[in-house]
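Comments concern the structure below.
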There are 2 protein chains.
Amino acid sequence: MPKVGMEPVRRKALLDAALRVIGDHGSLAVTMSDIARQAGVSPALAHHYFGSKEQLLIETIRSLLRQLRRDTVAALKAARTPRERLSAVIRVSFHADQFAPDTIAAWLAFYAEAQRSEETRRFLVIYAGRLRSNLLVDLKALLPTDAAERAAEGAAAMIDGLYIRQSLKSAPIGIAASIALTEDYLNALLSTPAP
Amino acid sequence: MPKVGMEPVRRKALLDAALRVIGDHGSLAVTMSDIARQAGVSPALAHHYFGSKEQLLIETIRSLLRQLRRDTVAALKAARTPRERLSAVIRVSFHADQFAPDTIAAWLAFYAEAQRSEETRRFLVIYAGRLRSNLLVDLKALLPTDAAERAAEGAAAMIDGLYIRQSLKSAPIGIAASIALTEDYLNALLSTPAP
DNA sequence: TTTTGTTGATTGATCAGTCAATCAAAAATA
DNA sequence: TATTTTTGATTGACTGATCAATCAACAAAA
């Protein structure tokens with residue numbers, strides 16, 4: 001079987017498999033065997049390439065974050081005005097890929113894990129900071145600084161909250177409605193001070 | 001040692017211990033031994049009274065929910081106008097007990113668990129429904145029905161979002177600021193349609 | 001003596017992680 | 001070109017640790 005140059009292929013397959021299995025299972029309490037089986041290799045190979053389960057998990061969240069950033073950068077590039085850019089940030093947050101049940105479950109699992117793993121928390125703090133900062137930079141063009149800061153906190157919280165509520169699967173709010181709610185929030189804040 | 005009537009004492013001690021250990025550890029992946037040790041009894045006793053780890057965990061979240069409802073009912077009783085009642089609901093959500101790091105970590109762990117455990121999800125759906133409904137009933141007195149419904153969804157999401165962001169412990173938003181953000185949101189929605 | 005409370009010891013299952021061995025492609029050599 | 005050697009890829013089998021769950025036994029109250 002062995003062909004040279006399999007390493008990147010296997011790494012990617014294992015990362016994808018990990019995300020899939022975690023999302024499916026809704027928890028980080030998945031076995032290396034589960035992940036390896038999903039990737040179509042032996043458990044030993046997963047250890048061979050990642051050293052430990054913890055490392056594989058950390059690489060998994062890192063890849064999740066990387067994907068989110070890619071999407072965000074792309075969406076921002078297409079937007080012109082500050083208001084458009086705000087909408088772009090919101091849209092990316094609720095993009096179908098991000099809003100898929102498996103992905104939501106995986107994020108949730110990582111939030112829980114962050115209570116224990118310093119490194120996992122670091123990554124989530126980075127995510128939270130980016131979201132806040134992406135919103136803040138454009139809000140500052142539309143509101144006084146302190147109002148902009150509060151608006152950024154509020155919008156970020158609402159996005160995360162809509163996200164987490166989605167994970168319960170009852171009363172599915174839906175992508176469009178989630179976007180609309182967040183937009184309404186910003187519209188209300190943007191129109192209130194200056195009628 | 002054995003005195004009659006220990007059962008309720010032990011049950012409560014074990015439930016408190018479970019909450020404590022889960023919050024401390026930031027995950028449901030705690031052992032019966034950990035919980036039993038925290039409660040000052042043997043692991044075997046925990047099984048004796050709860051039958052299984054899963055059952056103990058379910059009783060734990062049930063007690064968390066019971067406490068929240070008690071607080072909410074008490075807070076609502078003291079409020080007079082719809083607007084006051086809305087503030088009461090918000091205040092309870094961010095009450096010090098609920099906002100304690102251990103409690104937040106425990107809620108988070110249960111959210112993750114809900115992906116797997118049908119019964120855990122049921123409880124969280126009940127929580128989400130109550131929060132939404134508590135907000136909705138008073139919002140309907142202040143807004144048209146459809147606007148009230150959207151406001152209730154949005155406020156509930158923001159509350160949950162502020163909650164989950166708190167779990168990251170970086171950029172601690174704080175109780176007062178969290179309440180203020182949520183109040184601002186409602187104020188903006190309540191003032192926008194009628195300037 | 002019966003009942004209630006309690007535990008230590010044990011079991012069976014599950015898993016992360018290790019390791020020696022195997023296999024096939026690629027590179028070196030003849 | 002034909003061969004041998006080297007190297008990367010891969011796995012099955014195993015180990016050590018952990019843990020939920022069980023159970024037989026014991027202690028104290030009723």
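The structure displayed is predicted, hence computed values, not measured ones. Residue numbering restarts at 1 for every chain, and letters A, B, ... go by the order of the sequence lines. Quick note: numbers below take in every heavy atom, side chains included, and nothing from hydrogens, waters or symmetry partners.
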* the helix from C/dT1-D/dA30 to C/dA30-D/dT1: angle between end helix axes, five pairs per end, rounded to 10 degrees -> 10°

* **Within residues 9-23 of chain B, residues whose heavy atoms come under 4.0 Å of DNA chain D** => none

* Asked: Would you call the rings of B/Tyr111 and B/Tyr127 parallel, tilted or perpendicular, where under 30° means parallel and over 60° means perpendicular?
  -> perpendicular

* Just checking, is any N or O donor in the side chain of B/Glu183 or B/Asn187 under 3.5 Å from an acceptor N or O on the other one? -> no

* Do we see a donor-acceptor contact under 3.5 Å between the side chains of B/Arg83 and B/Ser87? -> yes

* Asked: Under 6.0 Å between the ring centres of A/Tyr163 and A/Phe99?
  -> yes

* Decide, yes or no, whether a salt bridge links B/Glu7 with B/Arg10 under the criterion of side-chain N to carboxylate O below 4.0 Å. => no

* SB check B/Glu118 B/Arg122 (cutoff 4.0 Å) -> no

* Flag yes if more than 12 heavy atoms outside B/Gln67 fall under 6.0 Å of its CD atom; otherwise flag no. => yes

* **Neighbour count above 12 (heavy atom, 6.0 Å) for B/Arg20 CZ** => no

* **Within residues 27-51 of chain A: residues closer than 4.0 Å to DNA chain C (heavy atoms)** => A/Val30, A/Thr31, A/Met32, A/Ala44, A/His47

* **Rounded distance (Å) that lies between atom P of D/dT18 and atom NZ of B/Lys53** => 15 Å

* Between D/dT7 (C1') and A/Glu7 (CD): distance, integer Å -> 14 Å

* Test log, rule side-chain contact (heavy atoms from CB on, under 4.5 Å), inputs A/Thr60 and A/Phe110 -> CA-CA 10 Å; A/Thr60 301; A/Phe110 282 118; 4.2 Å; yes

* Whether A/Gln115 side chain and B/Ser167 backbone form a donor-acceptor pair below 3.5 Å -> yes

